[in-house]
Amino acid sequence: MVKIYSQEQVAKIKQSGRILARILKILKNEAKIGISLKYLDNLAFRLAKESGAEPAFFNYQPDGAEYPYMASVCTSLNNVIVHGFPTDYKLVSGDVLKIDFGIKYKGYYSDSAATIIIGKSSPVAKNLSRATQKALEEAIKIAKPGSHLGDIGWAIEKTAKKYKVRVIKGLTGHGVGLNLHEDPIIYNYGNKGEGLELKAGMVLAIEPMFSVGTNDTIQLRDESWATRDNSLSAHFEHTIAITEKGSEILTK
Ligand code: MF3
Ligand code: CO
């Protein structure tokens with residue numbers, strides 16, 4: 001069932017989202033050559049706690065995972081798309097890093113992710129990252145009362161085509177609010193006018209994931225998801241609310 005949140009509830013998710021956005025910005029600034037993924041994870045944990053929030057992924061068991069996730073932040077490198085575990089690995093120039101973070105604040109969840117390129121970036125990586133960010137923007141633009149989930153997927157897919165990159169299949173966005181993952185499932189492809197009709201009060205985590213190679217995934221031993229052909233991938237995510245007038249980004 002897709003929840004309709006009251007304006008008061010949306011305001012609370014926005015408080016959660018604001019804190020999350022501030023922390024994610026710090027993590028992006030700290031992610032530099034020589035910095036370990038574990039350092040970013042510890043920092044995320046500390047900043048969340050200092051804000052009175054809980055890291056939402058810690059101890060969370062995603063659908064299809066065999067074990068709960070034992071870190072605060074997901075740090076996915078290069079071919080890894082999502083759920084990359086923050087190890088001792090130290091970032092090197094050219095790394096395409098996806099930082100995905102979620103918090104629970106006063107009972108309300110928010111979820112957001114971004115891709116950054118460490119040091120010197122190749123034109124291929126830059127195009128991929130830009131494409132994914134642009135797809136999220138386009139998806140948010142089209143999300144309003146009366147639009148459909150298929151419109152969101154369509155906008156994302158159209159952007160991928162424009163930038164000549166591929167939409168990863170099998171990994172999706174989701175509703176968010178009182179739980180980290182709620183209905184509906186938000187596919188990154190679709191047809192205009194199809195699927196659930198959007199209504200004011202819906203809160204959605206939209207998360208396009210693109211690759212420069214295959215759209216097929218493989219689950220690695222640490223339960224992260226990577227591209228099957230090891231090609232570069234990118235991921236951006238915002239939590240948004242559908243409002244009477246259109247939509248509002250809650251994680252900025
Ligand atoms: N942020 C992921 C998502 O976008 C959820 C990660 S859950 C974890 O939905 F437990 F794997 F970290
Ligand atoms: Co998410």
Side-chain angles (χ1 to χ4, degrees), residues 2-3 13 16-17 19-21 23-24 27-28 37-38 40-45 48 53-77 80-87 97-105 108-116 132-133 135-136 139-140 143 149 152-153 156 167-188 202-211 217-226 233-242 247 249-252:
V2 178
K3 289 195 189 75
I13 304 170
S16 172
I19 295 169
L20 174 59
I23 297 173
L24 194 54
L27 298 177
K28 285 194 287 185
L37 302 175
K38 205 180 199 165
L40 297 176
D41 186 59
N42 287 332
L43 182 59
F45 181 85
E54 292 297 322
F57 304 164
F58 196 88
N59 222 1
Y60 182 81
Q61 194 161 342
D63 261 357
E66 221 161 307
Y67 307 100
Y69 189 72
M70 287 318 237
S72 299
V73 74
C74 297
T75 47
S76 308
L77 280 168
V80 181
I81 311 156
V82 285
H83 300 185
F85 193 84
T87 61
L97 174 67
K98 286 124 276 181
I99 306 178
D100 190 347
F101 194 37
I103 60 166
K104 183 186 190 182
Y105 180 70
Y108 289 89
Y109 288 89
S110 55
D111 190 2
S112 185
T115 298
I116 55 170
T132 319
Q133 187 165 26
L136 178 56
I140 292 169
L149 279 183
I152 291 179
I156 291 170
V167 176
I168 301 285
K169 305 278 162 169
L171 297 168
T172 65
H174 51 92
V176 57
L178 282 168
N179 305 283
L180 178 61
H181 289 146
E182 310 184 333
D183 286 343
I185 291 172
I186 306 172
Y187 293 98
N188 289 323
M202 289 180 180
V203 178
L204 308 173
I206 302 179
E207 39 186 324
M209 288 160 260
F210 291 170
S211 94
T217 56
I218 181 169
Q219 193 163 26
L220 305 182
R221 253 211 297 245
D222 64 356
E223 301 208 284
S224 64
W225 291 94
S233 64
H235 174 214
F236 279 86
E237 176 179 20
H238 268 310
T239 296
I240 71 160
I242 306 299
S247 69
I249 300 174
L250 304 180
T251 42
K252 73 166 192 197

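Whatever order the structure lists them in is the order used to number ligands and atoms, beginning at 1.
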Open item on the list: Determine whether a donor-acceptor pair (N or O, by modelled atom type, separation under 3.5 Å) exists between the side chain of E182 and the backbone of K3.
Closed with: no
Open item on the list: Parallel, tilted or perpendicular: which one describes the rings of Y69 and H83, with boundaries at 30° and 60°?
Closed with: tilted
Task: Under 3.5 Å donor-acceptor, S211 side chain and S233 backbone - done: no
Task: Any donor-acceptor pair under 3.5 Å from E207 side chain to H238 backbone - done: no
Open item on the list: Checking one value in my table: which N/O/S atom of E207 lies closest to the Co ion (ligand 2)?
Closed with: OE2
Task: CD on Q61 to CE on M70, rounded to 0.5 Å - done: 10.0 Å
- [ ] Drop me the distance from L180's CG to S110's OG, to the nearest 0.5 angstrom.
- [x] 9.5 Å
- [ ] Around atom 9 (O) of ligand 1, find the nearest protein heavy atom and jot down its residue, atom name and distance.
- [x] H181 NE2, 2.5 Å
Open item on the list: Test of understanding: given a 4.0 Å heavy-atom threshold, classify the contact between D111 and ligand 1 as side chain, backbone, both, or neither.
Closed with: side chain
Task: Main-chain N/O of Y108 paired to S16 side chain as donor or acceptor, under 3.5 Å - done: yes
Task: Nearest non-hydrogen partners of I206 and I240, listed with the distance - done: CD1-CD1, 3.7 Å
TODO: Identify, for atom 10 (F) of ligand 1, the protein heavy atom at the shortest distance, and state residue, atom and that distance.
DONE: Y69 CB, 3.1 Å
- [ ] Write out the residue and atom name of the closest protein heavy atom to atom 6 (C) of ligand 1, then the distance separating them to 0.1 Å.
- [x] H83 NE2, 3.3 Å
- [ ] Decide whether the shortest distance between a heavy atom of G102 and an atom of ligand 1 is less than 4.0 Å.
- [x] no
TODO: State the atoms of ligand 1, each with its element, that fall below the 4.0 Å cut-off from a heavy-atom position in E207.
DONE: 3 (C), 4 (O), 9 (O)
Open item on the list: What protein heavy atom lies closest to atom 7 (S) of ligand 1? Include the residue and the distance to one decimal.
Closed with: Y60 CD2, 3.8 Å
Open item on the list: Can you tell me which portion of H174 lies within the under-4.0 Å heavy-atom range of ligand 1? Options are side chain, backbone, both, or neither.
Closed with: side chain
Open item on the list: Using a 3.5 Å distance criterion without hydrogens, assess whether the side chain of S76 forms a donor-acceptor pair with backbone atoms of G84.
Closed with: yes
TODO: Can you sort out which atoms of ligand 1 are near P62, meaning under 4.0 Å from one of its heavy atoms?
DONE: 8 (C), 10 (F), 11 (F)
TODO: Examine H235 against ligand 1 and note whether any of their N/O atoms are separated by less than 3.5 Å.
DONE: no
Open item on the list: Using only atom types and a distance under 3.5 Å, with no angle test, would you say the side chain of T217 pairs donor to acceptor with the backbone of A226?
Closed with: no
- [ ] Find, among atoms of D111 that are N, O or S, the one nearest to the Co ion (ligand 2), and state its name.
- [x] OD2
TODO: Report, in ascending order of atom number, the atoms of ligand 1 lying under 4.0 Å from any heavy atom of E237.
DONE: 4 (O)
Open item on the list: Looking only at protein heavy atoms, which one is nearest to atom 2 (C) of ligand 1, and what is the separation?
Closed with: D100 OD2, 3.4 Å
Task: H174 near the Co ion (ligand 2): N/O/S under 2.8 Å - done: yes
Open item on the list: Among the N/O/S atoms of E237, which is closest to the Co ion (ligand 2)? Give the atom name.
Closed with: OE2
- [ ] Have a look at ligand 1 and work out which part of C74, if any, has a heavy atom under 4.0 Å from it: side chain, backbone, both or neither.
- [x] side chain
Open item on the list: Tell me whether T239 contacts the main-chain N or O of A205 through its side chain, where contact means a donor paired with an acceptor under 3.5 Å.
Closed with: no
